[in-house]
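In the text below, chain A, chain B and the rest are named by the order of the sequence lines, each starting its count at 1. Below, all heavy atoms of this structure are taken into account, side chains as well, without hydrogens, waters or symmetry copies.
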Protein chains: 4
Amino acid sequence: MTTEQRVRRAAVKLFADKGFHGTGIRDLAQEAGISSASLYHYMGTKEELLSGIMRECLDRLLLGARRATGGVADPRQRLVSLVALHVLAHALQPAETRVVDNEVHALSAATRRQIVALRDEYEQLWSAAIDDGIRRGGFTTPEPAVTRLALLEMCSGVARWYSPRGPVELDRLAGHYTGLALRMLGSADHECPAGLDTARKVLSDVWGKTL
Amino acid sequence: MTTEQRVRRAAVKLFADKGFHGTGIRDLAQEAGISSASLYHYMGTKEELLSGIMRECLDRLLLGARRATGGVADPRQRLVSLVALHVLAHALQPAETRVVDNEVHALSAATRRQIVALRDEYEQLWSAAIDDGIRRGGFTTPEPAVTRLALLEMCSGVARWYSPRGPVELDRLAGHYTGLALRMLGSADHECPAGLDTARKVLSDVWGKTL
Amino acid sequence: MTTEQRVRRAAVKLFADKGFHGTGIRDLAQEAGISSASLYHYMGTKEELLSGIMRECLDRLLLGARRATGGVADPRQRLVSLVALHVLAHALQPAETRVVDNEVHALSAATRRQIVALRDEYEQLWSAAIDDGIRRGGFTTPEPAVTRLALLEMCSGVARWYSPRGPVELDRLAGHYTGLALRMLGSADHECPAGLDTARKVLSDVWGKTL
Amino acid sequence: MTTEQRVRRAAVKLFADKGFHGTGIRDLAQEAGISSASLYHYMGTKEELLSGIMRECLDRLLLGARRATGGVADPRQRLVSLVALHVLAHALQPAETRVVDNEVHALSAATRRQIVALRDEYEQLWSAAIDDGIRRGGFTTPEPAVTRLALLEMCSGVARWYSPRGPVELDRLAGHYTGLALRMLGSADHECPAGLDTARKVLSDVWGKTL
DNA sequence: AATGAATGAGGATTCATTCAT
DNA sequence: CATGAATGAATCCTCATTCAT
């Protein structure tokens, strides 16, 4: 593992645990195993380190979501893939995703705009799947916008509590959440193996992780 | 409004917006409209200010949840009341609840234990309702513990996006979320007016707010 | 003497002796007799301290020069007053003026523009006196612009070597320099008591110093 | 051009523009077009780089002044040569001479002594010419010591404003300044072609520059 | 010869907190 | 009650310099 990776990893861990402002440059250095001056060989500003982490995480999520939904006609399948991918990403990389979810306020205005734009683009894929599903996929829900937010928050929450050492396996977790999502959307059928398969494949391609 | 309230309010706002570590004592003073030295007439430590906010918020939530569920036999009604109350509290006091949800890491170990204990006690009421509901209320869900967490995260998420200036009214919001919850729990019926009524009443009694 | 004055004085001394970049915030604090944190009760940035010193010094010089030349018809007298005032100011406040002369490079672009504008305005008074003197005051010099610069550098140099503990008294010093200036400008007469008197008066009015 | 020369040149430029303490080792490296580590193949300490520049510049000035005055009986001619040489050196090498004039404070005590000794030796030649000129060269000035300082500051100032892109040619500039000097010293005749010629010759011999 | 990597010391500035007034 | 003044400790970051490669 390169030193740069060690720095990145230290930052992800500490930013997730103690927050950006709660993490000192000395904490980062100690966690990375180098001096605080050496830190600056591998990063720009502390804030650039943060935004880099966020961008990478969101880029990957967006790429995965696009791969999982691109060319898929069935909105139910798209939605299931999105949910599964989101849940798996948050369960596998809880630190990264918590940083993305919680530390936006620490960004400068300019960078914040970029990050929020990425997130909006990502959520747009959810909106499309939900709206399509209502039109022609058997979804029934008043206030689809509210339901979308409820879904997203529910799935993102996984990063706040999931532990690989717990009793629930990842595959089962994803299946459970897709079931919840389909129920929330009033779908008659609560399963969609195709969507789950797609998510597994994308997870392997984009994150390099196999369940 | 007393100065103490002004300080409390300033802290809630800033801790919610910029995080505990991102908020300086001078920021607090400016927002409260007094000098940073005067601040210390109305608070102990900065951390005590934080824990006070959290405790009060959680105390109220716990009190409300107890009142809403105490003596209620039907687990479906209890669950609906809990969801509605949680959603309403988070929509009405988004700043307070975001502080509770996001700034636990800033607490000292001792205080954190107390706060987490309160939260656990609160979540215990949810667990009870769900477990009872599975046993004898028509709930069907594998992994009830996961479902509980999904529910809580979904409902807490309201504080992150709800705006009173948006198109959705509070009463409708609560109804929507209780519906989502009942769907997630596989309940045959997706409504429970009694549970909503209880929540409204408790909200008035404990929070002093009427919809 | 107020603490703010002590800070200002410390800065003037150290900036003059060791340069802006050669002076640390801790040096300033020590010289002012307070802690480096307390320093920030009495100043903004270190650079603002610098620009403040420069502005005040240049403001006074400009004010003095205007008072000494305003309404004076004879360009010879004006020039003599300017030289005398400049020399006296630099002899009496060598530290301040050396800061003005040597530390412009340490200013930010925006502030530098303001300071240079003040200096240009000041030098404009010299140009006017010299040009007028050539036209109708008996001055003869090729390249009046060069002569102006030579005069200014010669007079400013006083701040680099004059010591009140040396053998030359201030009044005599001013007289000597006005003589040199008139010679440089080819003036037939090398004295101009009126100009010197004006300078003495302005020095008393604007600087509050009497020879 | 060797790398060492490039380093030297970079240092001269940056020390002159931003001061010794305002110039970082990284600035030097960038300006020289090498890495900051490589810098240390061509220099000792940053301070040694500074003192080297000063010494070389002063050595050359001293050597030139000696050649220009050695064996010249007429103090008027000696003075004119000194003025011309000084002005030309400062106009041709404004950066070097500004470093010599402005950065003495950045030297360590020991090195400073050496540099100041060189400068004193150099100024001694001026003193001698002036004093001799008073005794038997037609110079008249009260306070010859003050006049010497005035002359030196006036001539050194050239480095602060002269631009080869300006309207005044070097030869003319030197002539103008020798004229000013002779006027300041009360010399009846304001020209001395022999002194100027000597200066030109020495400039060619010692600096390798032809006007 | 050249340089990435490394760092202890120090740069300016802000921190939360206390206290005399 | 209110606050200017004060500060030790900490903030992020850059410094000049060394060294293994």
Side-chain angles (χ1 to χ4, degrees), chain A residues 2-4 6-7 20-29 32-50 106, chain B residues 2-4 7 20-30 32-50 106, chain C residues 2-4 6-7 20-29 32-50 106, chain D residues 2-4 7 11 20-29 32-50 106:
Chain A
T2 71
T3 307
E4 193 174 359
R6 257 199 301 274
V7 169
F20 177 75
H21 288 302
T23 303
I25 226 72
R26 284 164 183 83
D27 301 325
L28 283 172
I34 55 178
S35 78
S36 64
S38 297
L39 221 51
Y40 286 85
H41 281 281
Y42 304 98
M43 49 174 266
T45 321
K46 192 184 151 197
E47 204 216 305
E48 284 167 7
L49 185 57
L50 172 64
Chain B
T2 72
T3 306
E4 193 174 359
V7 169
F20 177 75
H21 288 301
T23 302
I25 226 74
R26 283 163 182 80
D27 300 324
L28 284 172
Q30 185 175 21
I34 57 176
S35 79
S36 64
S38 299
L39 222 52
Y40 285 85
H41 285 277
Y42 303 97
M43 50 174 265
T45 323
K46 192 183 153 197
E47 204 215 305
E48 286 166 6
L49 184 58
L50 172 65
Chain C
T2 71
T3 306
E4 192 173 0
R6 257 198 304 271
V7 169
F20 177 75
H21 288 303
T23 302
I25 226 72
R26 284 165 182 84
D27 300 325
L28 283 172
I34 56 177
S35 77
S36 64
S38 296
L39 221 50
Y40 285 86
H41 281 281
Y42 304 97
M43 49 174 266
T45 321
K46 192 184 152 198
E47 204 215 306
E48 284 168 7
L49 185 57
L50 172 64
Chain D
T2 71
T3 306
E4 193 174 358
V7 169
F20 177 76
H21 288 301
T23 302
I25 226 74
R26 283 163 182 81
D27 299 326
L28 285 172
I34 57 176
S35 78
S36 64
S38 298
L39 222 52
Y40 285 85
H41 284 278
Y42 304 97
M43 49 174 266
T45 323
K46 191 184 152 196
E47 204 215 306
E48 285 166 7
L49 184 58
L50 172 64

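The side chain of Arg26(B) lies closest to dA16(E), out of dA9(F), dG4(F), dA16(E). You'll find that the side chain of Met43(C) is closest to dT13(E), out of dA16(F), dT13(E), dT17(E). Listed nucleotides dC13(F), dC15(F), dG8(F) differ in distance to Ala37(C); the shortest reach to its side chain belongs to dG8(F). Taking only side-chain atoms of Lys46(B), from C-beta outward, the nucleotide of dC12(F), dA16(E), dT13(E) with the closest atom is dA16(E).
Taken to the nearest 0.5 Å, the CD1 atom of Ile34(D) stands 5.0 Å off from the CG atom of Leu39(D). Atom-to-atom distance recorded for Asp27(A):CG and Ser36(A):OG is 10.5 Å, nearest 0.5 angstrom. Distance check: Lys46(A) NZ to Phe20(A) CZ gives 4.5 Å after rounding to the nearest 0.5 Å. In this structure, CG on Leu49(B) lies 9.5 Å from OH on Tyr40(B), to the nearest 0.5 angstrom.
Atom C1' of nucleotide dA5(F) and atom CG of Leu39(C) are separated by 13 Å, given to the nearest angstrom. Remark: P of dC15(F) and CG of Asp27(D) are 7 Å apart, rounded to the nearest angstrom. Remark: P of dT17(E) and CG of Leu50(B) are 12 Å apart, rounded to the nearest angstrom. When rounded to the nearest whole Å, the span between CG of Leu28(A) and P of dT11(F) equals 11 Å. Spacing between atom CD of Glu4(C) and atom P of dG4(F) amounts to 14 Å, rounded to whole angstrom units. One atom, NE2 of His21(B), and another, C1' of dA10(F), lie 13 Å apart when rounded to the nearest Å. Going from atom CD1 of Ile34(C) over to atom C1' of dG4(F) covers 13 Å, rounded to whole Å. The CD1 atom of Ile25(A) sits 16 Å away from the C1' atom of dG10(E) (whole-angstrom rounding).
Sequence order on DNA chain F of the closest nucleotides to Glu47(A) and His41(C) puts His41(C) first from the 5' end. Mapped onto DNA chain F by nearest heavy atom, Tyr40(A) and Ser38(B) fall at different nucleotides, with Ser38(B) at the one closer to the 5' end. Place Gly24(C) and Ser36(A) on DNA chain E by their nearest nucleotides, and Ser36(A) ends up nearer the 5' end.
Gln30(B) places none of its side-chain heavy atoms less than 4.5 Å from the side chain of Ile25(B).
Residue Thr2(C) is out of contact with every strand shown, counting any heavy-atom pair closer than 4.0 Å. Here Thr3(B) lies out of heavy-atom contact (under 4.0 Å) with every strand.
In this structure, dG10(E) forms a base pair with dC13(F), meeting either the Watson-Crick or the G-U wobble geometry with both donor-acceptor distances under 3.5 Å. Base pairing of dT17(E): its partner is dA6(F), meeting the Watson-Crick or G-U wobble criterion (both donor-acceptor distances under 3.5 Å). Pairing for dA1(E) is absent, with no Watson-Crick or G-U wobble pair whose two atom distances lie under 3.5 Å.
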